Amino acid sequence: MNELQQLNPQQLEAATYGDGPLLILAGAGSGKTRVLTNRIAWLIGEKQVKPWNILAITFTNKAAGEMRERVDAQVGFGADSVWVATFHSTCGRILRRFADRIGYQLNFTIYDGDDQKQLMRDVCKSMNINTGVYKEKMFLSVISSAKDELLDPVTFAASAAGDPDMVRIGEVYKEYQRQLRNNNAMDFDDMIMQTVRLFQQCPDVLSYYQDRFRYIMVDEYQDTNTAQFHLVSLLAGAHGNLCVVGDDDQSIYSFRGANIQNILSFEQVYPSAKVVRLEQNYRSTPDILEAANSVIAHNRGRKQKRLWTENPAGPRISHVTVYSAYDEADFVARDIAKEVSMGTCRNADIAILYRTNAQSRILEEKLLMSGIPYQIIGGVNFYARKEIKDLLSYLRAIDNPRDDVAVHRIINVPKRGIGAATIAKLDAYAAVNDISFSEALDRSRDIPGIGKSAIKTGKFAALMNKLRKEAGTVTVRELLDTIIEETEYVEELRREGTEEAKDRIQNIDELINKIVTYEENTPEATLASFLQEVSLVADIDSLDGQAGKVLLMTLHSAKGLEFPVVYMTGMEEGLFPSSMALFGERPDEGIEEERRLCYVGITRARRKLTLTSARMRMNRGERDIHKVSRFIDEIPKELLDERELEPDSYGSAFGSRQGYAAGRGGGFAGRNYGRSAGDGEYGSGSYRGGNYGGGSYGSGNFGSGNYGAGSSESGAGRSFGAGGSGNRGGKPKGNGLFGKPLQLSKGAPQKADHLDYEVGDRVTHVKFGEGTVKELVDVGRDYQVSVEFDKAGLRKMMAAFAKLEKKK
DNA sequence: GGTTTGAAACTTTTT
DNA sequence: GTTTCAAACC
């Protein structure tokens with residue numbers, strides 16, 4: 001309790017405010033988590049509130065975990081009875097207990113984005129919808145928004161009357177929802193909406209939880225959507241002790257249905273609400289705060305507040321303009337290496353932020369080359385990887401036989417010789433008889449026209465039934481072992497023997513580890529509880545903090561985090577603010593949300609902030625010329641250390657260097673470098689000059705290397721490098737300037753007269769490190785070199801591109 | 001009928 | 001550079 005003495009007056013007021021609604025407007029870095037945990041401790045210690053009568057809701061598991069830890073540390077006895085959880089897991093727990101009251105089985109499956117898409121494809125197919133005109137994604141996004149607003153298919157249809165497009169969408173929504181229900185499945189949005197429905201339809205359940213949760217706290221309240229608002233209001237309906245914490249300036253999830261009005265009009269909804277403002281920032285230097293304040297001041301309709309700090313001054317904010325995204329990545333990598341070698345910071349202090357996930361690749365590449373350890377948050381979720389998803393689908397199909405999406409996914413994985421035609425017959429049979437796909441499988445022999453395929457499908461059905469039987473008696477881990485054994489899933493990968501297959505096996509091992517950890521830490525671990533846990537993990541949750549690595553993530557993922565050193569990359573009009581926001585339906589609102597995102601980014605930095613802008617960026621094979629982001633202009637000039645870097649050829653770059661040389665044809669900043677491609681002009685908006693050869697560099701047979709430090713890291717282990725699919729056969733498909741193969745255009749590496757290494761020599765490669773030359777083949781224009789690398793394994797590459805150096 | 005291969009389209013942010 | 005769709009191939 002002596003912790004309270006360390007709070008400032010406003011924090012103390014918020015932490016010790018008694019009953020009734022309470023709105024805490026907490027600016028960035030103002031210590032809101034501290035206030036929340038202190039409040040929980042105070043409620044229990046001073047107000048004699050029972051720990052199990054307290055509910056604290058967050059958005060991510062990570063935030064929940066942190067709060068849990070701090071509550072445990074501060075509250076002591078009884079702390080674990082405090083319910084700290086995310087919106088989705090809270091609803092999950094409630095629904096696992098009462099979903100049967102609203103027509104679901106308790107073992108319902110939770111569908112992620114991939115599952116939703118799959119299901120929507122089936123829906124569109126069954127309704128004969130031309131997805132060339134109406135995209136699945138569009139349907140899903142409208143349905144998602146509807147659910148966020150608590151509109152069920154019936155209400156939606158009513159509101160759609162008169163608008164033919166909306167009526168059509170309404171029909172799709174109805175069918176989608178019907179199939180979800182048939183599959184005994186819910187999507188993410190259902191979790192919230194169905195819980196609200198449960199409360200509305202079953203007053204006894206609602207009053208049970210109202211009585212259970214007498215004190216409710218909601219973190220990041222500005223990100224709640226309408227459904228979440230209703231959920232919270234219902235829960236707080238009896239006792240009225242609702243404490244919400246948020247910052248309207250950090251509302252960045254409107255695309256996900258977040259309704260900023262929830263926080264802006266809290267005082268209207270709860271007229272007796274007490275409002276406390278936390279404006280003292282404990283995180284950043286005065287310059288960084290000043291920059292953040294100046295940017296956000298351009299937004300209208302905010303709750304007035306201005307952050308201030310007593311923190312000492314720090315280094316100036318840098319803004320660096322470079323020519324290309326490649327130069328940007330190079331600058332960031334070099335700057336990090338410099339700072340770290342000077343001892344001003346450690347790798348673990350640094351975060352590189354960007355607007356879109358697509359920007360991460362080039363940064364990743366540069367960091368890898370510079371030997372800087374990094375971890376990427378986001379991109380491909382571990383649980384979304386093919387091999388993981390396959391095995392999880394087995395578990396899902398076992399747990400919930402009605403999960404048609406899961407059964408469809410695995411019926412021919414690994415290959416069992418069951419093809420599309422057979423599956424179509426099973427589907428038709430299931431539809432006619434109104435049974436699930438699994439049941440149709442069980443009746444394989446009765447299916448008309450199936451022929452001898454019934455032997456294969458029957459075998460598969462038998463396997464699934466055997467596994468289901470076993471599931472009741474063994475642990476999840478043992479069950480997975482059996483699946484892997486029976487299906488020879490890993491065996492198959494082992495036979496493939498490629499680097500990619502090895503990676504997949506590693507990921508499967510990692511999945512097994514996760515299951516073991518889960519079963520060890522969860523007393524009542526069941527297959528269903530494990531699957532729920534797994535489907536509700538977010539990318540950000542994998543961040544462990546002890547890694548000693550530079551972190552790369554989107555600005556969205558960075559919310560709620562702080563770092564001593566922050567790089568905000570891609571500060572360009574069209575990227576950030578994104579063109580989607582600029583040219584969307586409501587440009588004003590779009591820009592304001594982007595600006596809030598910028599505010600979030602700036603306020604992540606404690607000590608040193610570096611902003612970077614590239615003039616040119618490759619975008620879907622075209623180069624776009626961008627102006628510097630307006631947000632840079634919104635920062636007072638005197639706060640910025642402006643620098644402009646000239647493009648220059650960094651000798652070490654594999655591939656990009658060459659593309660760079662060719663791409664310069666149009667001339668940059670009025671100067672003419674090397675050859676002139678002739679067409680295209682700099683400065684007139686979008687440059688669409690000759691084909692830049694994006695993606696086709698390294699057109700030799702480079703293989704699809706898999707890099708990254710350990711595939712257990714989220715995002716690492718992603719493969720890049722040219723070659724692989726899309727460019728099979730070793731011949732460059734991509735066009736160079738004027739449609740000719742890039743290799744033939746000027747500036748591309750030429751075949752060397754001779755090579756200064758031969759078979760058996762030790763060589764070094766800029767990315768793969770050291771290795772031994774195994775084979776040299778003269779293929780006309782160039783030599784093809786095969787090298788067995790110590791770390792990266794056997795690689796084939798073209799000598800002119802590989803830039804191998806003989807080791808002395 | 002099933003599998004493999006090649007070409008085309010597509011990239012905001014996510015629980 | 002990745003994922004999806006159609007055609008060729010077995």
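Given the structure is predicted, the values throughout are model-derived calculations rather than measurements. Lettering follows sequence order; numbering is per chain, from 1.
Atom-to-atom, CD1 of A:Ile57 to C1' of B:dT15 comes out at 13 Å; the value is rounded to the nearest Å. Look at CG on A:Asp114: it is 13 Å from C1' on C:dT4, rounded to the nearest Å. Rounded to an integer number of Å, the gap from A:Leu95 CG to B:dT15 P is 19 Å. In this structure, the CD atom of A:Gln116 is 11 Å from the C1' atom of B:dT15, given to the nearest Å. The distance from atom CD of A:Glu365 to atom C1' of C:dG1 is 11 Å, rounded to the nearest whole Å. Taking atom CZ on A:Arg361 and atom P on B:dT11, their separation rounds to 15 Å, with Å as the unit. Taking atom CZ of residue A:Arg121 and atom P of nucleotide C:dT4, one finds them 7 Å apart after rounding to whole Å. As rounded to whole Å, 14 Å separates atom C1' of B:dG1 from atom CD1 of A:Ile455.
Which of B:dT13, B:dT4, B:dT12 sits closest to the side chain of A:Lys415 comes down to B:dT4. The side chain of A:Met580 lies closest to B:dT11 when the candidates are B:dG1, B:dT11, C:dG1. With distances taken from any side-chain atom of A:Lys137 to the nucleotides B:dT12, B:dG2, B:dT11, the minimum falls on B:dT11. Here the side chain of A:Thr60 is nearest to one of B:dG1, B:dT15, B:dT12, namely B:dT15. For A:Arg256, the listed nucleotide lying nearest its side chain is B:dT14; candidates were B:dT12, B:dT14, C:dC5.
With 3.5 Å as the limit, one finds no donor-acceptor pair spanning the side chains of A:Gln222 and A:Asp248. With no hydrogens or angles considered, no side-chain donor-acceptor pair links A:Ser144 and A:Ser141 at under 3.5 Å. For A:Glu149 and A:Thr226, the side-chain atoms include at least one donor-acceptor pair closer than 3.5 Å.
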Exercise for review: Would you write the dot-bracket representation of DNA chain C, where each base gets (, ), [, ], | or . depending on whether it forms a Watson-Crick or G-U pair under 3.5 Å and with which partner?
Suggested key: ||||||||||

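Applying the side-chain contact (heavy atoms from CB on, under 4.5 Å) rule to A:Ser233 yields the partners A:Phe229, A:Tyr270; only residues at least two apart in sequence or on another chain are considered. Among residues two or more places apart in sequence or in another chain, the side-chain contact (heavy atoms from CB on, under 4.5 Å) test is passed with A:Thr487 by A:Tyr394, A:Pro414, A:Arg416, A:Leu463, A:Ile483, A:Tyr489. Not a single salt bridge (Lys or Arg N to Asp or Glu O under 4.0 Å) links A:Asp427 to another residue, sequence neighbours left out. Residues that satisfy the side-chain contact (heavy atoms from CB on, under 4.5 Å) test with A:Arg630, not counting sequence neighbours, are A:Glu573, A:Pro577, A:Leu582, A:Ile591, A:Arg595, A:Glu634. In this view, A:Ser535 and A:Ile110 satisfy the side-chain contact (heavy atoms from CB on, under 4.5 Å) rule, not counting sequence neighbours.
In this structure, A:Asn412 reaches the sugar-phosphate backbone alone: every heavy-atom distance under 4.0 Å involves primed, P, OP1 or OP2 atoms, never a base. Within 4.0 Å (heavy atoms only), A:Phe59 reaches sugar-phosphate atoms of the nucleic acid but no base atom. Residue A:Ala420 is in sugar-phosphate contact alone, with no base atom involved, counting any heavy-atom pair closer than 4.0 Å across all strands shown. As judged by a 4.0 angstrom heavy-atom cut-off over every strand, A:Lys425 is placed among residues touching the sugar-phosphate backbone only. Residue A:Lys386 is out of contact with every strand shown, counting any heavy-atom pair closer than 4.0 Å.
Take the nearest nucleotide of DNA chain B for A:Gly449 and for A:Arg355: the residue whose nucleotide is more 5' is A:Gly449.
Look at A:Thr554 and you'll find a side-chain N or O under 4.0 angstrom from OP1 or OP2 of B:dT14. Put simply, A:Arg617 has no side-chain N or O that comes within less than 4.0 Å of OP1 or OP2 on B:dT11. The side chain of A:Thr422 contributes an N or O atom lying less than 4.0 Å from OP1 or OP2 of B:dG2. The side chain of A:Asn357 places no N or O atom within less than 4.0 Å of a non-bridging phosphate oxygen (OP1 or OP2) of B:dT11.
Under a cutoff of 6.0 Å and an axis angle of 45°, A:Arg596 and A:Tyr599 do not form a cation-pi pair.
The aromatic ring of A:Phe255 stacks onto the base of B:dT13, its centre lying under 5.5 Å from the centre of the six-membered base ring with the two planes under 30° apart.
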